[in-house]
J.: 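Dropping the structure in here first, questions after.
Lettering of chains follows the sequences in order, A, B, ..., and the numbering in each one begins at 1.
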Number of protein chains: 2
Amino acid sequence: MSVMTIERKILEKNDEIARRNRAIFIFHKTFVINLVSSPGSGKTSILERTLERFNGSFKVGVIEGDVQTDFDAQRIAKHTPWVVQIVTNGGCHLEANLVEDALSKLDLSGMKALVIENVGNLVCPANYDLGEAHKVVVLSVTEGEDKPLKYPAMFRRASVLLLNKVDLLPHLRCNVELMKNNALSINPSLEIFETSCVTGKGIDAWCEWIRARLM
Amino acid sequence: MSVMTIERKILEKNDEIARRNRAIFIFHKTFVINLVSSPGSGKTSILERTLERFNGSFKVGVIEGDVQTDFDAQRIAKHTPWVVQIVTNGGCHLEANLVEDALSKLDLSGMKALVIENVGNLVCPANYDLGEAHKVVVLSVTEGEDKPLKYPAMFRRASVLLLNKVDLLPHLRCNVELMKNNALSINPSLEIFETSCVTGKGIDAWCEWIRARLM
């Protein structure tokens, strides 16, 4: 079998399991987000601020994907008891079967929302459906305006872009309008929120986006 | 053939071509760096500042690896005529055969140094030897102190860590000593330079590190 054939078969198998995961989420009326970004863009911090805002008003679960360590699950466990860590041991992205395994450790009954925090990688996770309702991509304004054009697949497949760390804008040479226009040129239907976990900017609007989609 | 077997065979084939590349570099007395990092850590900016410092005093080549676009090659072409762009079309890392192909477009004779700027990805490029003398990893201080622990393979395989964007430290909640200690706990022989492409801090020391290794 050729490498191309193997890759196609892996993706087909992944998509089949993702469809199964999606059916389970819909059955439980759980709204599921696949949160993706480069390393260090602020996924975990945004998730912490988000859980703080929701403040236990409904049941939220989190699946944490990391190459190594359970640091992120430890941070999230301060905000919700429903958190599962997946350590990929070198794997560069989450796959649907890893999420399926994690679901056996999460009680989905009454869980209104579930956030799957993917491995920090702006390339590989774009290709793997996990069964989520939406991919949400986080991009730090420190990363440069050109990133949506250089890593287009992720921006094409995401529904929302969280433009994070905007508190740093006064100290950067970053044209945030150009950054947004670059993202919109790849995906015109992308919904964009400017966020800061330091000042709290945009977190309310982002939380409202989630609330409006709960089943 | 199993997926594991295919993966092993790909890596074995890659290592064989990398050995061939390395022999070519040694024959030409070309010192080769494989520059790796997350997207937006500042690899291209550091390379621009580095080429400015060398100011044509010896022949330096650059191979630019990107998922899409030739923006980086355009930036680098202002500083050296010896630049080749590799577009991986979705591929998440450079492989030795792509570098081998690029070498057919670069005249190595008299080339004292060659920098291969890898795809922005802190996971996958760690596994692929390109034939370089050293891997150099760039980490922006905006990415958080925990990154060496969360993405250990890259830090384990690198000889140098460029801790970049230190001009932003006054505006960040970042403990730079903790960040360094985390990196050194993964790889005690890592040489660390704090750099800023805005203030120029550390660029001279980093350039000296390269100069001392020219053949």
J.: Only pairs of heavy atoms separated by less than 4.5 Å count here; which of B:Gly120, B:Gly91, B:Gly90 has the most with chain A?
T.: B:Gly120

J.: Work out which heavy atom in A:Leu168 is nearest to a heavy atom in B:His171; give both atom names and the distance.
T.: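 Result for this residue pair: CD2-O, 3.6 Å.
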
J.: Does any part of the side chain of B:His93, heavy atoms only, come nearer than 4.5 Å to the side chain of A:Val123, both counted from C-beta?
T.: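 No - every pair of side-chain heavy atoms lies 4.5 Å or more apart.
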
J.: Side chain, backbone, both or neither: which part of A:Asp72 has a heavy atom under 4.5 Å from chain B?
T.: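 Interface part for A:Asp72: side chain.
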
J.: What is the distance from atom CG of B:Asp146 to atom OG1 of A:Thr44, rounded to the nearest 0.5 Å?
T.: 7.5 Å

J.: Answer with side chain, backbone, both or neither: which region of A:Ile10 has an atom nearer than 4.5 Å to a non-hydrogen atom of chain B?
T.: side chain

J.: Under 4.5 Å from any heavy atom of chain B, what part of A:Lys147 do you find: side chain, backbone, both or neither?
T.: side chain

J.: Do you know which of B:Arg173, B:Lys150, B:Lys165, B:Gln68 has the most heavy-atom pairs with chain A at a distance under 4.5 angstrom?
T.: B:Lys150

J.: Pick from A:Gly144, A:Cys92, A:Ala153: which one has the most heavy-atom pairs with chain B under 4.5 Å?
T.: A:Cys92

J.: Taking the side chain from A:Tyr151 and the backbone from B:Pro39, do they hold a donor-acceptor pair closer than 3.5 Å?
T.: no

J.: Working to the nearest 0.5 angstrom, can you tell me the gap between A:Leu122 CG and B:Leu122 CG?
T.: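 The CG atom of B:Leu122 is 12.5 Å from CG of A:Leu122, to the nearest 0.5 Å.
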
J.: Measure A:Leu149 against the heavy atoms of chain B and call it side chain, backbone, both or neither at under 4.5 Å.
T.: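 Both parts, backbone and side chain.
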
J.: Between A:Val87 and chain B, which part of the residue has a heavy atom less than 4.5 Å away: side chain, backbone, both or neither?
T.: neither

J.: To the nearest 0.5 angstrom, please state how far the CD atom of A:Glu143 sits from the OG atom of B:Ser38.
T.: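 Here the rounded value is 7.5 Å.
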
J.: With heavy-atom distances below 4.5 Å as the criterion, would you say the side chains of B:Asn121 and A:Cys124 are in contact?
T.: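 Yes. Closest side-chain heavy atoms under 4.5 Å.
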
